[in-house]
2 protein chains.
Amino acid sequence: MTVWDRPEPPTRPAPLDRERIVAAAIALADEGGLEAVSLRKVAARLDVGPMRLYGYISTKEELFDLMVDEVYAEILPEEQPGDWRETLRILAHRTRQAALRHEWLADLLGGRPTLGPNALAVTEATLAALDGLADLDTVMRAVETVSAYFTGAIRREIANLRAERATGLSKRDWQRAYGPHLMRMLATGRFPALAKAVHDGTEVDAEASFATGLDWVLDAVAAKLARPPA
Amino acid sequence: MTVWDRPEPPTRPAPLDRERIVAAAIALADEGGLEAVSLRKVAARLDVGPMRLYGYISTKEELFDLMVDEVYAEILPEEQPGDWRETLRILAHRTRQAALRHEWLADLLGGRPTLGPNALAVTEATLAALDGLADLDTVMRAVETVSAYFTGAIRREIANLRAERATGLSKRDWQRAYGPHLMRMLATGRFPALAKAVHDGTEVDAEASFATGLDWVLDAVAAKLARPPA
DNA sequence: TCTTAGTAAAATACAGTGTATCGACATGAG
DNA sequence: CTCATGTCGATACACTGTATTTTACTAAGA
């Protein structure tokens with residue numbers, strides 16, 4: 001269980017603190033993905049023995065939590081002038097952009113409850129934007145539905161992006177080149193609808209399709225908020 | 001890159017094959033979570049040296065892919081009589097139930113493109129159910145939006161479930177007991193909307209809220225399918 | 001039948017991981 | 001000056017995924 005309150009730093013010198021540790025970990029993850037983050041490498045980047053970190057962090061999982069919360073600071077919009085719909089849309093897009101900057105975020109998104117101060121601030125801002133528009137249950141459902149959508153969509157987008165990168169091909173070609181396997185599968189005739197989709201599918205812009213799906217979900221939420229409880 | 005086609009098994013005896021390996025790995029994961037799955041433990045469970053496994057799988061990631069595809073076999077509905085909406089709803093619920101049986105699935109869901117035979121069969125069935133209801137782009141958007149929703153929702157549900165289990169408390173109490181930290185945060189007055197939500201929030205049934213959000217999304221999809229392209 | 005070639009399996013090896021523990025050292029109190 | 005405290009570094013342990021080497025056995029050729 002992550003303890004979000006920073007313990008007192010060691011009494012005297014120590015040019016080391018949580019923020020520097022987290023920053024180093026994020027840098028490592030940005031460069032080489034989550035699996036490039038090891039306590040030893042983080043410590044090395046700070047010119048410090050690995051065990052020093054345990055004065056500030058009690059487990060690697062906790063470090064991940066802190067990294068995620070740090071990114072939530074980037075996600076939190078500076079001002080939110082618009083209505084609830086604009087607030088949710090912006091939140092979704094900012095989360096997506098953060099995940100594009102820090103792809104490892106996709107691996108962590110939704111993996112555990114987000115209770116860091118920045119994540120709480122994001123939740124607060126979101127709830128505030130919906131406050132009073134419906135009963136609390138409906139508001140919660142709305143927030144959770146929208147965030148379930150963009151969480152899932154972001155994960156899939158990053159997953160596809162990585163797969164494309166691994167083969168070095170555009171999505172259209174990717175399906176054609178994804179080893180002989182997929183083509184053989186399609187050639188069996190057991191997947192006619194899929195085959196048609198692969199064959200006729202146009203190359204879609206990831207951001208556009210994210211935005212479209214988001215709008216659909218927001219439409220649904222709007223309909224439920226209008227007509228409060230069932 | 002996972003090779004989905006099984007290589008020829010070793011010529012003679014070998015009571016070992018991919019299926020047994022995957023079954024052992026799934027059993028391990030069901031018992032102790034994904035991090036309890038190590039190639040050494042899988043091999044030990046099959047009374048075999050660790051290196052034997054590399055005759056059937058080429059990397060641990062590949063083993064995970066195979067595990068996921070195996071679960072997709074549970075997810076694929078035996079028959080699908082209903083309309084597209086029923087098909088999507090059933091898919092979502094079956095995926096959720098599979099994740100409740102195999103919690104580790106939540107860690108893998110959406111993490112990488114699913115191209116195993118069973119996953120393809122699921123995709124095929126889904127696309128077939130929507131075939132002809134709108135242009136292909138719209139259909140794809142519909143499928144992806146719905147699956148983004150339930151993927152995200154399932155991940156969050158499992159994450160919360162684990163957090164509750166870790167403290168051994170119901171959700172209501174959980175918020176109250178989640179260390180002094182959260183309460184202190186709320187007591188600061190910086191999160192009034194959140195505080196109200198925590199205070200007034202009723203204990204909601206996870207399945208019900210999953211289903212409700214799903215219905216909202218399906219409503220949105222229905223609206224778009226009715227009025228084909230913009 | 002004996003030898004040899006080839007292959008499947010096991011054993012060993014390596015470079016790394018998260019984290020516990022212990023020993024030295026420096027700093028403050030008496 | 002002595003002693004206690006408590007931080008830091010080094011060392012240690014149990015484990016990981018996987019490469020490489022060694023062994024065992026099986027089948028073919030002479």
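Reminder, nothing fancy here: chain letters follow the sequence lines and each chain counts from 1. Keep in mind the model is a prediction, meaning the values are calculated, not measured. Reckoned from all heavy atoms, side chains included, excluding hydrogens, waters and symmetry mates.
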Determine, for A/Glu74 against A/Arg94, whether the closest basic-nitrogen to carboxylate-oxygen distance falls under 4.0 angstrom. no

Distance, rounded to the nearest Å, where A/Met51 contributes CE and C/dT17 contributes C1': 10 Å

Side-chain donor/acceptor of A/Ser58 to backbone N/O of A/Tyr54, under 3.5 Å: no

Tell me the interatomic distance from B/Ile57, atom CD1, to D/dT18, atom C1', rounded to whole angstroms. 11 Å

Between B/Arg96 and B/Phe210, is NZ or CZ placed under 6.0 angstrom from the six-membered ring centre and within 45° of the ring axis? yes

Expected output is a numbered-order residue list: members of residues 24-47 of chain A with a heavy atom under 4.0 Å from any atom of DNA chain C. What is it? A/Val37, A/Ser38, A/Leu39, A/Arg40, A/Lys41

Judged by atom type as modelled, is there a donor-acceptor pair below 3.5 Å linking the side chain of B/Arg190 to the main-chain atoms of A/Pro117? no

Specify the angle, to 10°, made by the local axes at the two ends of the helix from C/dT1-D/dA30 to C/dG30-D/dC1 when five pairs are taken at each end. 30°

Who pairs with A/Arg40 by salt bridge (Lys or Arg N to Asp or Glu O under 4.0 Å), at least two apart in sequence or on another chain? none

Once you round it to whole Å, what is the distance between P of D/dG17 and CD of B/Glu62? 15 Å

Candidates C/dA9, D/dT18, C/dG18 - which lies nearest the side chain of A/Tyr54: C/dG18

Closer than 3.5 angstrom, by distance alone: can the side chain of B/Thr151 be matched with the main-chain N or O of B/Ala148 as a donor-acceptor pair? no

How close or far is atom C1' of C/dG18 from atom CZ of A/Arg52, stated in whole angstroms? 18 Å

Between A/Lys196 (side chain only) and A/Gly201 (backbone N and O only), is there a donor and an acceptor less than 3.5 Å apart? no

How close do B/Ala36 and B/Leu28 get, heavy atom to heavy atom, and via which atoms? O-CG, 3.9 Å

Interatomic distance, B/Lys60 NZ vs D/dA19 P [rounded to whole Å]: 15 Å

Looking only at C/dT19, C/dA9, D/dG17, the nucleotide nearest the A/Thr59 side chain is C/dT19

